[in-house]
There are 4 protein chains.
Amino acid sequence: MDPKARRGRPRSGEADARIIDAALELLLERGYDRFSVDEVAAKAEVAKTTLYRRWSTKDHLIVAVVARMQDEVPVEYSGDVRADLTRYLNAIAAGLHRMGQAGRPTASGDTSAGLVAEVAAAAARHADIGAAVHAMFVRRNALVLRLLEQAREHGEIGPGVEPEVLFDQLAGAIYYRLLITGRPIDAAYVDRLVAGALGGSAA
Amino acid sequence: MDPKARRGRPRSGEADARIIDAALELLLERGYDRFSVDEVAAKAEVAKTTLYRRWSTKDHLIVAVVARMQDEVPVEYSGDVRADLTRYLNAIAAGLHRMGQAGRPTASGDTSAGLVAEVAAAAARHADIGAAVHAMFVRRNALVLRLLEQAREHGEIGPGVEPEVLFDQLAGAIYYRLLITGRPIDAAYVDRLVAGALGGSAA
Amino acid sequence: MDPKARRGRPRSGEADARIIDAALELLLERGYDRFSVDEVAAKAEVAKTTLYRRWSTKDHLIVAVVARMQDEVPVEYSGDVRADLTRYLNAIAAGLHRMGQAGRPTASGDTSAGLVAEVAAAAARHADIGAAVHAMFVRRNALVLRLLEQAREHGEIGPGVEPEVLFDQLAGAIYYRLLITGRPIDAAYVDRLVAGALGGSAA
Amino acid sequence: MDPKARRGRPRSGEADARIIDAALELLLERGYDRFSVDEVAAKAEVAKTTLYRRWSTKDHLIVAVVARMQDEVPVEYSGDVRADLTRYLNAIAAGLHRMGQAGRPTASGDTSAGLVAEVAAAAARHADIGAAVHAMFVRRNALVLRLLEQAREHGEIGPGVEPEVLFDQLAGAIYYRLLITGRPIDAAYVDRLVAGALGGSAA
DNA sequence: CGTTAACCGAGACGGTACGTCTGGTCTTTAA
DNA sequence: TTAAAGACCAGACGTACCGTCTCGGTTAACG
């Protein structure tokens, strides 16, 4: 009856978990290069085939791990966009910083461009990874975009402002510093950034 | 006598050129991965030793190539920041798009995140590349920052606006789309972006 | 009552046949290596479990297949040993030749050492296969040995000749050429061989 | 001047030796299967590339090792073919027996069919190995064939006897027992064999 | 007629070796 | 000293295949 009746031995959910756990640990300990699939399999006590059946490529595996590192940042409109955005951007920066611990002490400041850049590169290498990564960010950003809509309805931001563009400017600035110019991203910068984007630093 | 008197056979300047040419060609043809140092050496008809004497790493070589791909965008204050910025950002987008041809047809729209992301990753891997890349962008951006200063003096933009932050927002939005969300970057978007950043879309 | 009373579902005889058929076909088509158990199972539309329940090893399966390829060569003493032996050896050579089609065109002439050698190797790897293979040949050769006995009784061959040794010489020469030196085995050679073993080429 | 002037770093002869030594040791210790190229490389303290540059396949490597195991059996006509052949065949049998130690205790008697069969199989798998193996035996057998010629000239064997066929019978019988029937090959058998082939056991 | 034992198809799993690829270093001979 | 050529080390990659295990489900014979 059920067209999707499963046949054959089902995949071991435990294996999934053990692999991702091992991969995460190794990624943090070693960084992207010096991270080897063989080693993950060994650490997870899983055959390489089992791993490759799930993630067909080192890149796919790493993206899965990074996706799991993403933490949910609760976003709720409080009536004060400026505060909300500041909080949110600081959370993102903190997340990036935490990822930054991966591998050797990074050159640029103290956050890790490395892992983010590698994921971006992987997204460009494999179409499917690109789709997954983009979808991940779309989902993540959707909440903030809604928040911005609400703020506009409440008159906190002008009717001419496009939430999407505004958000690109904010998040973009952070990633730009992280990946391209390597300038530091601290709370003070986030404040200046939000102020710059929302207009007058006062009020 | 002369402490830095050179002895032995002098380095062939022609080799430098042949290597970079071959590397560029291969990079465009293949993309970052599938780009191999051996192949560059073979194509340039140069020994690997000769190549490594000049660029100590695949990453170093690629950064050198990418640096050469960067074209000088003339930036001059015309009295109309909006127009100047729009022109500049479109030039950047065009440059990225041109790079985008490298390798297989990329997933995300038609510009290539790949190469840019790889360079960012390389910058994170090697401190010296990081320094070089960041310096490159500082130099490139300095002109625009001066332009923004001039615009502020002319009253085109408010005294509270920080040029650095403003520029991060603009360039950042573009790179964010390119690398992270994969959304398209066209002239219309640049217009909306500049409008958003400089205030009212009108005027 | 019956100690070997079978319970449960009986084995499918049809499965046996389908497996052997598929295996044979694949063996001829591909040769020993490039012959994979998975593929046999797939082709026979049978689960691997079903296959392994019958033949515990790739080697066991192949030996079973090869055993089935062996054809019964009728051996009857006609009163002329020379003719009988010639006929028999030619039949063996033809059989080997037929097997020889298995896999890629072999290097050595046109008969296939490959499969025979693999079976010999399998016989060395697993004691039980060794026993089976040796038994198979003992059975096959018994008829010829009896024929030689009869010939001796009839005075066609001297009383000092040991049938076993004589047969080793004849069959041995053929297999030696097949497996070791790769020289061709044709009717002319068989004639020379029999002549050499039975004494004068004349008569 | 010299058209075949070698350029580039020459191959390390020491590496060759270390690889073959390690392979030989491992082969004797483990047998054909359970013999792994990786392990050879590790034991020889050589990169896998270095190994594969010389022997493109596990089979090629093993054949090279086996070729080195072959020992030169001095063959000189003493005026007594029977004695000469007996000595030679016993030497061959001893050699096979020595090889037989390779790997697990073999099933069939006490000599190892295994390795010989595997080499024969390899010869069938790869045309080049086939050629090499056949050439090896041709070279080895040439001496004995000349001995037989001399014996014929001396009238020890009849003019109608073809040395090639005679030798096939002798060597063939031994390999046939080794590989196919698994019957033992001892000095007594060799005596019977020679007697059978050269005519009357007497004289 | 239900229980039960052995089967069947499907496919995941552990294990392990293979041969390939690539980055960077080292060793030659020639200029 | 540099150049060209190519061997060298190191080590990861992804694939292949064997033989085992785990599912859901089927098919006799037994009780």
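A note on names: the letters A, B, ... follow the listed sequences, proteins ahead of strands, and every chain is numbered from 1.
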Nearest-nucleotide pick for A:R11, side chain only, options being F:dA4, E:dC13, F:dC8: E:dC13

By side-chain contact (heavy atoms from CB on, under 4.5 Å) - contacts of D:S56 (at least two apart): D:H60

ring-ring contact (aromatic ring centres under 6.0 Å, His included) partners of residues 35-55 of chain C, not counting sequence neighbours, each pair once: none

D:D33 CG - E:dT16 C1' separation (whole Å): 13 Å

d(CZ, A:R125; C1', F:dC13) in whole Å: 13 Å

side-chain contact (heavy atoms from CB on, under 4.5 Å) partners of A:E25, counting only residues at least two apart: A:K43

Nearest-neighbour nucleotide for the D:A15 side chain, F:dC8, E:dA12, E:dC18 considered: F:dC8

Whichever of A:S36 and B:D16 has its nearest DNA chain F nucleotide further upstream toward 5': B:D16

5'-most by nearest nucleotide on DNA chain F - C:V37 or D:V46: D:V46

Distance test, side-chain N/O of D:R7 to OP1/OP2 of F:dG6, below 4.0 Å: no

Any donor-acceptor N/O pair under 3.5 Å between E:dC26 base and D:R9 side chain: yes

D:L61 to D:I20 - nearest heavy-atom pair and separation: CD1-CD1, 4.4 Å

Shortest non-hydrogen contact from D:A22 toward D:V40: CB-O, 3.9 Å

Secondary-structure notation, DNA chain E, from Watson-Crick and G-U pairs under 3.5 angstrom (| other strand): |||||||||||||||||||||||||||||||

Test side-chain contact (heavy atoms from CB on, under 4.5 Å) applied to A:E39 - qualifying residues, sequence neighbours left out: A:L26, A:R30, A:S36

Between P of E:dC13 and CZ of A:R18, the distance in whole Å: 11 Å

B:K58 NZ to E:dT25 P, straight-line distance once rounded to whole Å: 15 Å

B:H60 NE2 to E:dG23 P, straight-line distance once rounded to whole Å: 15 Å

Partners meeting salt bridge (Lys or Arg N to Asp or Glu O under 4.0 Å) with B:K58 (sequence neighbours left out): none

Whole-Å gap separating C1' (F:dC13) and OH (A:Y32): 12 Å

Nearest-Å distance for atom pair NE2/C1', residues C:H126 and F:dC18: 11 Å

d(CD, D:E14; C1', E:dC26) in whole Å: 15 Å

Selection: residues 47-57 of chain C, any non-hydrogen atom under 4.0 Å of DNA chain F: C:K48, C:T49, C:Y52, C:T57

B:R125 bridged to A:E118 by N-O distance under 4.0 Å: yes

side-chain contact (heavy atoms from CB on, under 4.5 Å) involving C:A15 - partner list, sequence neighbours excluded: C:S12, C:V46, C:T50, C:R54

Closest-nucleotide ordering on DNA chain E, the 5'-leading residue of A:E45 and D:D38: A:E45

With sequence neighbours excluded, residues passing salt bridge (Lys or Arg N to Asp or Glu O under 4.0 Å) with B:R68: B:D21

